[in-house]
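Worksheet for the structure shown next.
In listed order, ligands and their atoms are each counted from 1.
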Amino acid sequence: MEKRTELYRGKAKTVFTTDDPERLILQFRNDTSAFDGEKVEQLDRKGMVNNKFNNFIMAKLEAAGIPTQLDRVLSDTETLVKRLDMIPVECVIRNFAAGSLVRRLGVTEGQALNPPTFEQFLKNDALHDPMINESIAISFGWATAEQLARMKQLTYQVNDVLSALFDEAGMMLVDFKLEFGVDGDGNIVLGDEFSPDGCRLWDKETRKKLDKDRFRQGLGGVVEAYEEVAARLGIAL
Ligand code: UDP
């Protein structure tokens with residue numbers, strides 16, 4: 001597999017083309033950002049930890065029948081993935097109240113949400129990822145009703161698989177964000193990444209935060225927390 005040109009540089013990952021038009025390389029960097037890129041720092045080992053974390057989770061999801069873009073790991077920080085046309089709609093499920101939900105509704109952090117909530121946001125940093133809904137996404141042509149229904153179904157499936165996985169390892173999956181794309185055959189496939197950068201994980205007993213809120217809130221020990229989560233899941237780093 002030959003790495004060719006840089007296609008896109010995101011806040012934490014760079015995407016490269018390859019000699020295969022159907023494959024891309026995701027390179028996980030140490031850059032850590034919050035507040036739509038306003039706060040950025042380099043955190044040692046984070047690219048490697050998130051690459052290995054993401055590969056472990058994506059393989060678990062594939063095994064549970066959820067289509068993902070994962071092909072194979074190339075190095076500590078690089079993974080080969082299927083090329084997708086990404087849909088600019090972020091799907092968020094919450095099992096417990098935190099983050100923007102608490103700010104928006106003034107509810108108590110940690111309140112259990114039964115059933116879990118499902119929200120959609122437009123992927124657009126300049127606009128601070130505004131909340132949207134299905135009707136808006138369809139009218140603007142960002143996705144069809146069928147694609148949105150499939151994305152919602154898959155996000156709930158991911159929640160079932162990963163809530164159980166983290167629960168067994170002594171953690172609460174508070175909330176998470178997923179991004180999907182369309183493959184060459186028109187199938188909706190899970191893209192982007194699943195790592196502590198894009199979800200909230202709390203220790204079940206102490207409710208210690210083990211995710212990017214440590215960075216957002218300046219709590220320190222960010223990568224150490226990610227490594228602790230990885231160790232609890234049995235991921236070799
Ligand atoms: N999230 C994300 N990228 C974003 C916005 C949110 O990965 O651009 C994740 C975030 O880490 C959390 C979940 O989506 O796990 C819900 O985030 P929330 O709406 O509470 O926003 P935040 O408080 O993180 O701004």
Side-chain angles (χ1 to χ4, degrees), residues 8-13 15 26 28-29 31-41 43 46-47 49-51 53-54 57-58 61 68-69 86-113 115-133 136-137 142 151-152 154-156 158-159 161-163 165-167 171-181 190-203 207-219 222-223 225-226 229:
Y8 171 80
R9 187 180 167 89
K11 295 193 292 294
K13 297 189 293 298
V15 183
L26 296 187
F28 288 73
R29 308 196 314 270
D31 296 313
T32 312
S33 78
F35 314 120
D36 303 306
E38 266 172 45
K39 176 176 177 177
V40 184
E41 277 174 35
L43 298 180
K46 201 204 63 151
V49 174
N50 276 6
N51 184 41
F53 199 102
N54 178 60
I57 296 287
M58 292 290 171
L61 295 176
T68 79
Q69 72 175 160
M86 295 304 289
I87 293 174
V89 175
E90 301 184 340
C91 296
V92 170
I93 278 191
R94 301 176 195 271
N95 297 303
F96 299 90
S100 71
L101 187 77
V102 168
R103 292 196 297 276
R104 220 163 53 229
L105 304 182
V107 295
T108 310
E109 185 180 64
Q111 180 183 332
L113 302 169
T117 59
F118 177 77
E119 293 157 45
Q120 292 154 322
F121 298 87
L122 175 65
K123 189 175 170 73
N124 185 322
D125 278 343
L127 297 177
H128 307 293
D129 295 349
M131 190 183 217
I132 57 167
N133 61 27
I136 290 178
W142 296 324
M151 287 159 65
K152 183 174 180 177
L154 288 172
T155 307
Y156 273 105
V158 168
N159 190 44
V161 174
L162 297 187
S163 289
L165 184 84
F166 287 112
D167 181 69
M171 290 169 279
M172 298 154 64
L173 178 58
V174 173
D175 59 28
F176 62 93
K177 180 264 302 176
L178 300 181
E179 294 179 28
F180 294 90
L190 180 58
D192 189 46
E193 70 180 276
F194 190 102
S195 74
D197 271 0
C199 69
R200 290 192 168 94
L201 294 166
W202 295 351
D203 179 84
R207 299 215 163 186
K208 180 183 171 191
K209 293 179 170 146
L210 300 168
D211 54 67
K212 200 161 86 175
D213 270 350
R214 299 202 70 80
F215 177 72
R216 293 189 189 97
Q217 299 173 6
L219 300 173
V222 181
V223 177
Y226 291 20
V229 176

- Assign the ring pair Phe194 / Phe53 to parallel, tilted or perpendicular, where the plane angle (0 to 90°) is split at 30° and 60°. parallel
- Item | Partner set under side chain to side chain donor-acceptor pair (under 3.5 Å) for Lys177, not counting sequence neighbours | Glu179, Asp192
- Task: Decide whether Asn159 and Ser163 meet the rule of one side-chain donor and one side-chain acceptor closer than 3.5 Å.
- Result: yes
- With sequence neighbours excluded, tell me which residues meet side-chain contact (heavy atoms from CB on, under 4.5 Å) with Asp31. Arg9, Arg29, Gln42
- Message: Counting only heavy atoms and a distance below 4.0 Å, can you name the residues contacting ligand 1?
- Response: Glu90, Val92, Arg94, Ala98, Gly99, Ser100, Arg103, Asp129, Asp175, Phe176, Lys177, Asp197, Gly198, Cys199, Arg200, Arg216
- Message: Taking the basic N atoms (NZ, or NE/NH1/NH2) and the acidic carboxylate oxygens, is any pair closer than 4.0 Å for Glu109 and Arg207?
- Response: no
- Item | Sequence-distant partners of Lys46, salt bridge (charged side-chain N to carboxylate O under 4.0 Å, His left out), two or more places apart | Asp197
